[in-house]
Structures are given as C-alpha cells and as structure tokens.
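In listed order, ligands and their atoms are each counted from 1.
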Amino acid sequence: MVADLLIDDAYLYVDRGWEIAGGWIAIKDGRVQAVGAGADRPEARRVISARERLVTPGLINAHHHMYQNLTRAFAPVTGASLFDWLRGLYPRWAMLTDESVYVSTFVAIAELLMGGCTTSMDHMYVHPRPLLIDAQIRAAREIGFRFYATRGSMTRSVEDGGLPPRSVVQDEDTILADSVRLAETYHDPAPGAMTRLALAPCSLFSVSERIMVESARLAEAHDLRLHTHLAEDHDEDRYCAEIYGCTPVEYFERVGWAGPRSWVAHFIYPSEAEIGRLAHAGVCSAQCPCSNMMIGGGSADAMRLRRLGMRVGLGCDGSASTDHASMWLETRMAMLLGRYRNGPTAMTARDALDLATRGGAACLGWEDEIGHLRPGACADLVIWHLSDVALAGALSDPVEAWLRCGPAQAATTIVHGRVLLEDGYPVAPHLPEILRAHERLARRMQAVPVGR
Ligand SMILES: [Zn+2]
C-alpha cells in the first residue's frame with residue numbers, strides 16, 4: 001500500500017528501548033503505517049529526507065496557560081513571588097476577550113510547533129467573558145494541532161479570601177453548566193481525536209469545595225480527565241491547613257480526585273507517604289522545570305516520583321512565568337535539574353525524552369496513540385535541526401547529542417500526518433497577520449504604547 005509520506009534516512013527514536021539507525025517511517029491516513037531500516041521501505045507519495053537527523057515522537061505539553069503570552073516578561077512583576085506575581089497580573093488578564101484568546105492561542109501553538117510539540121493541553125482558568133475556550137479550540141482546529149483543552153475555573157475572588165479580582169471569577173452554577181456544554185460540544189473520545197476536553201479548577205485555594213467535588217462527579221459521568229495545580233507552594237500548605245484543616249493532598253483525596261482520571265501540575269511539596277498514595281491511585285503529575293526555576297521555588301524530583309510509581313510528564317507552564325514554550329528546552333532543563341539534584345547517574349537524555357513523550361501521554365490518558373511511533377500510533381513526529389557547528393564532534397550518541405548540544409529546533413513538525421512546520425517555521429495560515437494583532441492586543445493589555 002502506497003504511503004502518504006515517508007521520512008527516510010533518519011536516526012529514528014521509535015519508543016523507549018527501540019531506536020533505528022538509518023531508519024524510515026511511513027505514514028498513511030494520519031497514522032504510523034510502518035517503521036524499518038534499509039531497502040524494504042514502501043512507496044510513498046511524498047518523501048522527506050532526514051539525513052543525519054534525529055526523528056522522535058512529537059513532545060507532549062502537559063501543563064500550559066497559553067493566554068499569558070500577552071503579558072510575557074511583564075516588567076512590573078518580574079521580581080515578584082508567585083502570589084504577588086498573580087496579584088499583579090490578574091487585573092491585566094481581566095481584559096481578555098474572545099479575540100485576544102484566539103490570537104494568543106494561535107501564537108502559542110505556532111511556538112509549540114517550533115519547539116517540537118505536537119500535542120498540548122491548555123489550562124484556561126481566567127474567564128472574564130464567556131466562550132473563551134471555544135475561541136481556543138477554533139485556533140487549534142485552524143492550525144490542525146492536537147489540542148487538549150481544559151475547562152479551568154475560579155470562584156474565590158479577593159472578597160472571598162482569594163487572589164483574583166471579582167471580574168475573572170465565576171459562580172459555581174455557571175462553571176458547572178459551561179463544563180457540561182463544552183464536554184458535550186467538543187470532547188472527542190474517538191481514536192485519533194484532534195480535540196479533547198478535561199475539567200480543571202485552577203487550584204485548591206481558588207475554587208470552592210463544591211466545584212472540586214462536582215467536577216470529579218461530572219468527570220465520572222462524562223468520562224473526562226481532571227487537572228489542577230497541586231502542592232506548588234508553601235502558601236498553599238498554610239491556606240489548606242487554615243481553611244480545610246489538612247494538607248493539600250489530604251484535601252485532594254477528600255474531594256474525590258485521587259484516581260486515575262487526574263493529573264496535577266507541579267506536585268513539589270507532598271510527603272513521601274502522599275506521593276505513594278497518589279501514585280497507587282493512578283494520579284500522574286507534570287513537572288515544569290523552567291517555570292519552577294524562574295519563580296525560584298522548588299521543583300519536583302521527577303525521577304524519584306517515577307521510582308515511587310507515579311507517571312510524570314513535562315509542561316512549559318504559563319507564557320508569563322516561563323516566557324517561552326519550547327518543549328525541547330523544558331526537556332533539557334528536566335535533565336539538567338535531575339542531574340543537578342541527584343548526580344550524574346541520576347538521569348539520561350533518554351529518561352528526559354521519555355518524560356516528554358510517554359510521560360506526557362500518560363498525563364493525558366492517551367498512551368495508546370501518542371508519545372511513541374509504534375505502527376498504528378498517531379503520526380505525530382519531529383525531525384530535529386541542530387546546526388553542524390553545534391553538532392561538530394558529537395559522533396557517538398545521537399539522542400544524548402540532541403539534548404546536550406543545541407539549542408535544537410524542530411525542522412519539520414508533523415501532526416496527524418500533516419506537515420505543520422517546515423524549514424523551522426509554522427505553515428499556519430495568516431500567521432503574520434495574527435502576530436500583528438497579537439502585538440496590538442498585548443500593548444493594550446500591558447498599557448505599553450507604540451514606540452516603547
Ligand atoms: Zn500553571
């Protein structure tokens with residue numbers, strides 16, 4: 001059977017423990033048709049040579065806040081703690097509109113493609129206006145990106161002891177009704193889906209107990225996944241002790257979230273026993289190395305969590321905390337952080353790549369189809385570019401070289417068998433216009449006039 005596309009002459013990383021030097025991968029109908037080496041390659045309508053290049057599964061982003069690219073590197077809060085940073089930015093984010101959410105999602109996905117990401121979730125929890133997630137899904141569909149939207153929420157404003165202004169929080173009934181509407185409209189459980197939806201209250205301290213409990217109940221009824229920030233900051237420990245009389249993980253268990261539907265962002269400060277309990281329950285976590293280091297707090301010990309039985313993925317986190325969205329850079333940082341913390345034998349490039357692929361897929365409950373390139377998987381993959389200068393002398397291990405040398409950029413990013421990034425740049429329609437609109441909207445939100 002003639003393939004739609006053949007990537008030829010690659011160093012092919014198919015999955016953990018399966019690599020093919022001089023390999024090829026054939027794609028048909030958005031799926032991996034076959035992989036192999038040498039002369040038995042099938043006929044294909046289009047052939048892309050990946051000569052002397054590494055080809056990997058697309059990286060998976062398990063935690064992000066895309067709209068924040070409208071306030072990147074925002075000078076008034078670059079020196080703030082997490083809670084002060086949030087207090088400084090919420091009034092800006094209260095200006096989000098349907099247009100700015102569409103445009104910021106479009107730009108975020110273009111940037112993710114450049115860093116080798118083929119599937120991303122987005123934790124969209126600021127809702128000053130209705131239908132913002134609808135705008136995000138519109139942008140992802142126009143590009144052809146595999147998108148895991150999450151219906152974020154906040155109910156506690158400053159008046160109720162929370163951090164955000166009243167204009168960005170919503171009442172419980174509005175949140176729950178919109179969660180059902182979005183799930184029924186967009187969540188596609190079918191194999192090879194391009195759009196899925198999870199429920200994602202922002203954090204334990206920003207929503208009411210009813211929202212946590214009812215979100216878990218709705219997830220069960222509609223077969224959805226659940227996501228939130230957990231054990232990110234010591235302020236959260238103090239808040240939970242004072243309001244709920246327990247630790248964040250104990251509260252998470254109490255509201256019915258400790259099950260295989262859930263994945264959490266950060267998970268920095270649980271006790272050893274709590275890690276064991278959530279791992280046993282099937283909860284996954286997403287480490288965000290650059291964001292954690294930028295904010296200057298702690299970071300999860302990803303390899304230790306794995307040893308204790310928890311599946312771990314990676315996320316680039318919000319575009320105003322990390323300010324970039326290269327999943328290659330997150331993967332490299334995860335490796336550096338693991339070795340910095342636990343020594344040179346603690347983590348390899350393959351361990352980090354496994355977090356960014358299989359680990360992310362586990363977070364999204366999607367390991368049967370994404371995060372690897374076994375025949376039958378979704379054809380989501382990346383041909384990587386490193387300059388000949390950066391690779392000079394790197395002769396003995398292409399996967400270690402990919403993450404140790406660099407910076408690496410995606411040369412070609414393919415999602416569902418379609419080339420969405422070519423020669424290192426997105427093929428997205430009307431990207432220049434979108435970037436002009438993004439600048440206009442970001443200037444308005446940051447109150448930075450043209451010329452400054
Ligand atoms: Zn986050």
Under 2.8 Å from the Zn ion (ligand 1), the protein N, O or S atoms, given as residue and atom: H63 NE2, H65 NE2, H229 NE2, D317 OD1
Hey, what's the ring geometry for H187 with Y148, parallel, tilted or perpendicular (30° and 60° as the breaks)? tilted
Side chains of H65 and H63: do they bring a donor and an acceptor to under 3.5 Å? yes
Cut-off 3.5 Å, side chains only: do S208 and E172 have a donor facing an acceptor? yes
Both conditions, 6.0 Å and 45 degrees, for the charged tip of R196 above the ring of W366: are they met here? yes
Using a strict 4.0 Å threshold on nitrogen-to-oxygen distance, state whether E99 and R440 make a salt bridge. yes
Would you call R129 and D98 a salt bridge, taking side-chain N to carboxylate O under 4.0 Å as the test? no
